[in-house]
A.B. asks: 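Before we start, here is the structure in question, set down as structure tokens.
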Amino acid sequence: MNMPQSYQTDLEVILEFLEEHCRQETRGQWENGKKLRLFHFLFEMLEDPGMAHCLSWVPASVGVFRFSSTYKEHVAALWGQRKGNRRPMTYQKMSRALRNYTRSGEIIKVRKKLTYQFSGATLTTLRSQQRMKNT
DNA sequence: TTGGCTGGGAATGAAG
DNA sequence: ACTTCATTCCCAGCCA
């Protein structure tokens with residue numbers, strides 16, 4: 001129990017770091033040890049039946065999903081809360097982030113109103129991560 | 001014509 | 001210091 005002062009403060013620093021890390025985990029900013037990305041969040045929402053009135057898969061088209069016109073702002077607001085942004089998230093801004101995925105090809109825009117599509121690769125990694133969770 | 005979506009440049013922020 | 005991803009702002013085009 002008799003430790004040098006410097007050793008104790010090092011421990012305190014480490015504990016402080018871990019506590020902050022845990023706080024971020026519970027705030028949902030981390031997923032599988034990696035930073036939470038927008039498409040992870042959207043996938044989560046899509047797999048949640050309680051969110052079907054906000055956004056849902058388009059039947060018979062793999063990886064295609066669509067926001068509801070009336071609740072799209074709700075999804076955006078939730079996303080903003082999850083990230084802990086200073087200013088409230090809006091659909092306008094969230095869709096801008098969605099457009100950034102065009103470069104990386106993780107999500108592409110479908111020529112239909114409020115609808116987008118996960119790439120095959122993105123979809124398979126998301127589904128495998130989802131498997132990990134339920135075990 | 002107008003409002004709702006869409007597209008994207010550019011600057012800034014957050015975090016590793 | 002540099003990259004990645006997201007946020008914020010803003011403007012312009014399209015179309016029902």
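Every chain is numbered from 1, with letters handed out A, B, ... down the list of sequences.
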A.B. asks: State whether the side chain of A:Glu73 and the backbone N or O of A:Thr90 hold a donor-acceptor pair below 3.5 Å, judged by distance alone.
C.D. replies: no
A.B. asks: Please round to the nearest 0.5 Å and tell me the distance separating atom OG1 of A:Thr124 and atom CD of A:Gln129.
C.D. replies: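 One finds 10.0 Å between OG1 of A:Thr124 and CD of A:Gln129.
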A.B. asks: Side-chain N or O of A:Lys109 less than 4.0 angstrom from OP1 or OP2 on B:dT6?
C.D. replies: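 Yes, within the criterion.
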A.B. asks: Measure CD/A:Gln29 against C1'/B:dG13 and give the value in whole Å, please.
C.D. replies: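 After rounding, the gap between these two atoms is 13 Å.
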A.B. asks: How many Å lie between OH on A:Tyr91 and P on C:dT8, as a whole number?
C.D. replies: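 Going from OH in A:Tyr91 over to P in C:dT8 covers 17 Å.
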A.B. asks: For A:Glu73 and B:dG3, what is the distance between atoms CD and P respectively, to the nearest whole Å?
C.D. replies: 16 Å
A.B. asks: Taking atom C1' of B:dT6 as reference, at what distance in whole Å does atom CZ of A:Phe67 sit?
C.D. replies: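 Computing the A:Phe67:CZ to B:dT6:C1' distance gives 13 Å.
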A.B. asks: Determine which pairs satisfy salt bridge (charged side-chain N to carboxylate O under 4.0 Å, His left out) with at least one residue from residues 110-126 of chain A, sequence neighbours left out, and list them in order.
C.D. replies: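 Listed by first then second residue: nothing to list.
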A.B. asks: Taking a hydrophobic cluster as the set of Ile, Leu, Val, Met, Phe, Trp and Tyr residues connected by side-chain heavy atoms closer than 4.5 Å, whether directly or through intermediates, do A:Val64 and A:Val62 fall within one such cluster?
C.D. replies: no
A.B. asks: Could you tell me how far apart A:Trp30 (CH2) and B:dA14 (P) are, to the nearest whole angstrom?
C.D. replies: 14 Å
A.B. asks: For residues 34-48 of chain A, run the donor-acceptor check on the side chains, cut-off 3.5 Å, and write out each pair with its distance to 0.1 Å, sequence neighbours left out.
C.D. replies:
from, atom 1, to, atom 2, distance (Å)
A:Arg37, NH2, A:Glu106, OE1, 3.4
A:Arg37, NH2, A:Glu106, OE2, 2.5
A:His40, ND1, A:Arg37, N, 3.0
A:Glu44, OE1, A:Arg82, NH2, 2.6
A:Glu47, OE1, A:Gln130, NE2, 2.9
A:Glu47, OE2, A:Trp57, NE1, 3.1
A:Asp48, OD1, A:Gly50, N, 2.8

A.B. asks: Sugar-phosphate atoms are those with a prime plus P, OP1 and OP2; base atoms are the rest. Using that split, label each nucleotide of nucleotides 1-7 of chain C B, S or - for protein heavy atoms under 4.0 Å, 5' to 3'.
C.D. replies: ----SSB
A.B. asks: Using the closest heavy atom to pick a nucleotide of DNA chain B for each, name whichever of A:Arg99 or A:Lys72 lands nearer the 5' end.
C.D. replies: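 Its nearest nucleotide lies further toward 5', so the answer is A:Lys72.
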A.B. asks: Consider only side-chain heavy atoms of I, L, V, M, F, W and Y, link residues closer than 4.5 Å, and tell whether A:Val110 and A:Leu126 are in one cluster.
C.D. replies: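 Shared cluster, no.
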A.B. asks: Please list every stem that involves DNA chain C, where a stem is a run of 3 or more consecutive Watson-Crick or G-U wobble pairs with both pairing distances under 3.5 Å.
C.D. replies: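 Stems (3+ consecutive pairs) listed as B:2-16 with C:2-16.
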A.B. asks: Round to the nearest Å and state the distance from A:Leu114 atom CG to B:dG7 atom P.
C.D. replies: 11 Å
A.B. asks: Could you work out, with side-chain contact (heavy atoms from CB on, under 4.5 Å) as the rule, every residue matching A:Leu114, not counting sequence neighbours?
C.D. replies: A:Arg66, A:Phe67, A:Ser69, A:Lys72, A:Tyr91
A.B. asks: Quick one: side-chain contact (heavy atoms from CB on, under 4.5 Å) partners of A:Arg99, sequence neighbours excluded?
C.D. replies: A:Ser95, A:Arg96
A.B. asks: Under 4.0 Å from OP1 or OP2 of B:dG4: is there any side-chain N or O of A:Ser95 that close?
C.D. replies: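 So the side chain of A:Ser95 is outside the cut-off, no N or O lying under 4.0 Å from OP1 or OP2 of B:dG4.
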A.B. asks: Hey, could you give me the OG1/CD1 distance between A:Thr115 and A:Ile108, rounded to the nearest 0.5 Å?
C.D. replies: 9.5 Å
